[in-house]
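Below is one structure, written out as structure tokens, with a few remarks after it.
Note on naming: letters A, B, ... go to the chains in the order of the sequence lines (proteins, then strands), and numbering restarts at 1 for each one. What you see is a predicted model; the values in this text were computed from it and never measured.
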2 protein chains.
Amino acid sequence: MTSVEEPARPAGRIRDAARTKAEILDVATQEFSRAGFAGARVDEIAARTRTTKRMIYYYFGGKEQLFTAVLERAYSVIRMAEQELDVEHLDPVAAIRRLAELTFDHHEAHPDFIRLVSIENIHEAEHIAASEELGTIGSPALEVIRRILETGRKSGLFTADVDAVDLHAMISSFCFFRVSNRHTFGALFGRDLVAPDQREHYRTMLGDMVIAYLTADRTQD
Amino acid sequence: MTSVEEPARPAGRIRDAARTKAEILDVATQEFSRAGFAGARVDEIAARTRTTKRMIYYYFGGKEQLFTAVLERAYSVIRMAEQELDVEHLDPVAAIRRLAELTFDHHEAHPDFIRLVSIENIHEAEHIAASEELGTIGSPALEVIRRILETGRKSGLFTADVDAVDLHAMISSFCFFRVSNRHTFGALFGRDLVAPDQREHYRTMLGDMVIAYLTADRTQD
DNA sequence: TCACTAATGTACGAACTAGTACGTTAGCTA
DNA sequence: TAGCTAACGTACTAGTTCGTACATTAGTGA
């Protein structure tokens with residue numbers, strides 16, 4: 001099996017810095033996500049790559065920096081997805097719902113990312129703070145939300161007095177919790193929040209919640 | 001300083017199994033919450049108690065069981081708080097808002113609990129699964145929500161078709177995320193979700209969100 | 001008051017783990 | 001094609017960490 005893996009390259013090392021780095025990052029993402037920062041084993045990461053532990057230190061410097069690199073790549077994925085957001089041609093209500101659904105989909109599709117963020121929060125975001133790349137850039141989604149909110153408020157559709165960051169927090173909290181806390185929630189309440197047949201239910205629930213909040217009739221209160 | 005700690009007990013060990021156990025649990029809660037399961041150090045926990053590592057193994061059996069005991073006690077605190085819920089004399093809208101606010105307050109007041117739950121989710125709730133105490137009992141809050149929802153729906157106030165578990169998830173997600181993800185959220189978006197002067201803002205936002213969702217005019221959709 | 005047990009303390013070890021010193025080689029370029 | 005360097009591998013170590021064997025004592029009941 002091991003010899004079939006690669007296409008007829010019987011002997012000798014192949015040198016490919018980019019591939020080696022990427023492979024280390026792939027495996028490290030899995031291992032950190034599986035066991036947390038302290039629980040992850042550098043030896044285990046190395047063993048699961050085609051290279052050795054030496055290369056981890058050669059390319060990344062240490063366990064701490066490797067985790068930072070893993071985080072940086074994970075965040076870059078969501079940032080790229082957000083840059084593809086194309087919802088501003090929709091009316092504000094539909095645009096926000098679509099945005100919420102895309103956030104929902106992205107969280108569901110990337111449970112490893114959710115776990116890494118949970119782990120980073122246990123460590124009080126110290127790796128983000130230490131990273132030049134992560135500290136500076138914001139979220140493309142935030143700008144999109146800002147513009148939709150403005151349009152919706154001008155047209156009188158949106159009555160709520162929220163800013164983009166808080167609305168982003170509201171949407172993220174539901175999407176994040178559903179994935180991050182699925183195990184304890186499932187164990188305690190006997191309900192699987194990520195069961196495939198409940199997916200549409202929760203996706204709709206999220207959209208309904210956000211739209212209801214934004215368009216609620218405040219004259220009643 | 002060390003001699004002033006205890007009231008005039010100059011020499012000899014004082015034996016108090018209950019106090020020793022409780023002290024170990026207190027320190028272990030802090031240490032696990034600070035560093036995660038793998039990151040927590042049994043020696044460190046022992047050093048910060050008035051007893052020795054030996055006692056951890058004597059009373060709890062090992063690191064794994066100690067963490068389970070810490071979790072069990074942390075969950076028992078929230079369960080006790082939920083048993084004191086007294087909102088059913090209010091009208092359904094006020095009752096749900098009050099319940100949401102109490103959940104909000106409890107999460108804010110117990111960041112260690114939030115961290116422990118995050119950590120337990122990284123470990124896929126394996127300790128909850130292994131615990132007889134935690135696996136069986138549900139949440140008292142759930143029964144309260146169930147009854148309020150029924151009253152609200154009968155009276156026509158609540159139009160949303162949610163059950164108690166999903167509403168609980170919605171409320172918890174906002175409260176939990178605000179505390180659990182405050183570090184990454186703060187680092188990435190420059191906003192402190194637990195800033196004291198924003199407390200009322202987010203508390204109100206949560207209530208507004210839940211009520212808007214429950215009472216939204218569905219004939220418009 | 002004597003003996004017995006629950007509770008406690010000390011000292012230690014086996015296994016693990018992050019990190020490194022040192023040696024090797026593929027592949028490019030002059 | 002010779003030589004140079006980035007890329008890679010091996011073997012090892014110093015320090016840590018969970019867990020335990022063994023010794024001791026406080027308090028209680030006969």
Side-chain angles (χ1 to χ4, degrees), chain A residues 2 5-28 30-32 34-70 119 123 126-127 130, chain B residues 2 5-28 30-32 34-70 119 123 126-127 130:
Chain A
T2 38
E5 206 81 37
E6 285 290 284
R9 180 80 68 166
R13 290 176 288 198
I14 309 114
R15 304 198 162 190
D16 188 340
R19 203 201 50 134
T20 302
K21 277 186 82 167
E23 194 179 349
I24 291 171
L25 280 176
D26 284 341
V27 177
Q30 290 171 35
E31 174 71 1
F32 280 124
R34 183 187 66 79
F37 177 76
R41 299 286 163 244
V42 177
D43 283 296
E44 176 64 21
I45 294 170
R48 285 168 53 199
T49 58
R50 269 171 292 185
T51 184
T52 63
K53 186 166 57 157
R54 178 71 185 76
M55 288 297 97
I56 293 174
Y57 290 90
Y58 182 70
Y59 282 120
F60 297 97
K63 192 182 180 182
E64 207 85 48
Q65 295 98 306
L66 176 60
F67 184 74
T68 304
V70 164
I119 291 160
H123 297 279
E126 62 182 13
H127 305 95
Chain B
T2 40
E5 205 82 36
E6 285 289 287
R9 179 80 70 166
R13 289 175 289 199
I14 310 114
R15 304 200 161 188
D16 188 340
R19 204 201 48 132
T20 301
K21 276 185 82 167
E23 196 179 347
I24 292 171
L25 280 176
D26 285 341
V27 176
Q30 290 170 34
E31 175 71 0
F32 280 125
R34 184 186 65 78
F37 177 76
R41 299 287 163 244
V42 176
D43 283 295
E44 176 65 21
I45 294 170
R48 285 169 51 198
T49 55
R50 269 171 293 186
T51 184
T52 63
K53 187 167 57 158
R54 177 71 185 76
M55 288 297 96
I56 292 173
Y57 290 90
Y58 183 70
Y59 282 119
F60 298 97
K63 191 181 181 183
E64 206 86 48
Q65 295 100 306
L66 176 59
F67 183 74
T68 304
V70 164
I119 292 160
H123 297 279
E126 63 182 12
H127 304 95

>> To check you understand the geometry: which heavy-atom pair defines the closest contact between Ala28(B) and Val70(B), and what is its length?
In response: CB-CG2, 3.7 Å

> Counting side-chain heavy atoms from CB outward, which of dA26(C), dG9(D), dT8(C) is closest to Arg15(A)?
Replying inline: dA26(C)

> Would you say Tyr57(A) reaches dC8(D)'s phosphate, i.e. side-chain N/O to OP1/OP2 under 4.0 Å?
Replying inline: no

> Atom CG of Asp43(B) to atom C1' of dA11(C): distance rounded to whole Å?
Replying inline: 13 Å

> With a non-hydrogen cut-off below 4.0 angstrom, is Ala38(A) in contact with a base, only sugar-phosphate, or nothing?
Replying inline: nothing

> Reckon Arg41(A) has a side-chain N or O less than 4.0 Å from the OP1 or OP2 of dA18(C)?
Replying inline: yes

> Rounding to a whole Å, what distance do you find between Lys21(A):NZ and dA6(D):C1'?
Replying inline: 13 Å

>> With nearest nucleotide decided by heavy atoms, which residue, Glu64(A) or Met55(B), maps closer to the 5′ end of DNA chain C?
In response: Met55(B)

>> Let's see if you can work this out: which of dG9(C), dA21(C), dG19(C) has an atom nearest to the side-chain heavy atoms of Arg54(A)?
In response: dA21(C)

> If you take all heavy atoms of Phe37(A) and His123(A), which pair is closest and at what distance?
Replying inline: CB-NE2, 3.6 Å

> For dG9(D), does either OP1 or OP2 sit under 4.0 Å from a side-chain N or O belonging to Thr51(A)?
Replying inline: yes

>> How many whole angstroms separate atom CZ of Arg19(A) from atom P of dG27(C)?
In response: 12 Å

>> Rounded to whole Å, how long is the line connecting atom CZ of Phe32(A) with atom P of dT17(C)?
In response: 14 Å

> What nucleic acid atoms does Ala46(B) come within less than 4.0 Å of, heavy atoms only: base, sugar-phosphate, or nothing?
Replying inline: nothing

> Can any side-chain N or O of Glu23(A) pair as donor or acceptor with the backbone N or O of Arg50(A) at less than 3.5 Å?
Replying inline: yes

>> Using whole Å, what does the distance between atom C1' of nucleotide dT25(C) and atom CD1 of Ile14(A) come to?
In response: 13 Å

> NA contact type, Tyr58(A), heavy-atom cut-off 4.0 Å: base, sugar-phosphate, or nothing?
Replying inline: base

> If only side-chain N and O atoms of Thr20(B) are considered, is one of them under 4.0 Å from the OP1 or OP2 phosphate oxygen of dT8(C)?
Replying inline: yes

>> I want to verify a distance call: between dT20(D), dG9(C), dA18(C), whose nearest atom is closest to the Lys53(A) side chain?
In response: dA18(C)

>> Rounding to an integer number of Å, can you tell me how far Ile45(A) CD1 sits from dG19(C) C1'?
In response: 14 Å

> Expressed in angstrom and rounded to an integer, what is the separation of Phe60(B) atom CZ from dC18(D) atom C1'?
Replying inline: 17 Å

>> Is the terminal nitrogen or CZ of Lys21(B) (NZ for Lys, CZ for Arg) located under 6.0 angstrom from the six-membered ring centre of Tyr58(B) and within 45° of that ring's axis?
In response: no

> Given atom NZ of Lys63(B) and atom P of dG19(D), what is their separation to the nearest angstrom?
Replying inline: 8 Å

>> Tell me if a side-chain donor or acceptor on Arg41(A) pairs with a main-chain N or O of Ala38(A) at a distance below 3.5 Å.
In response: yes

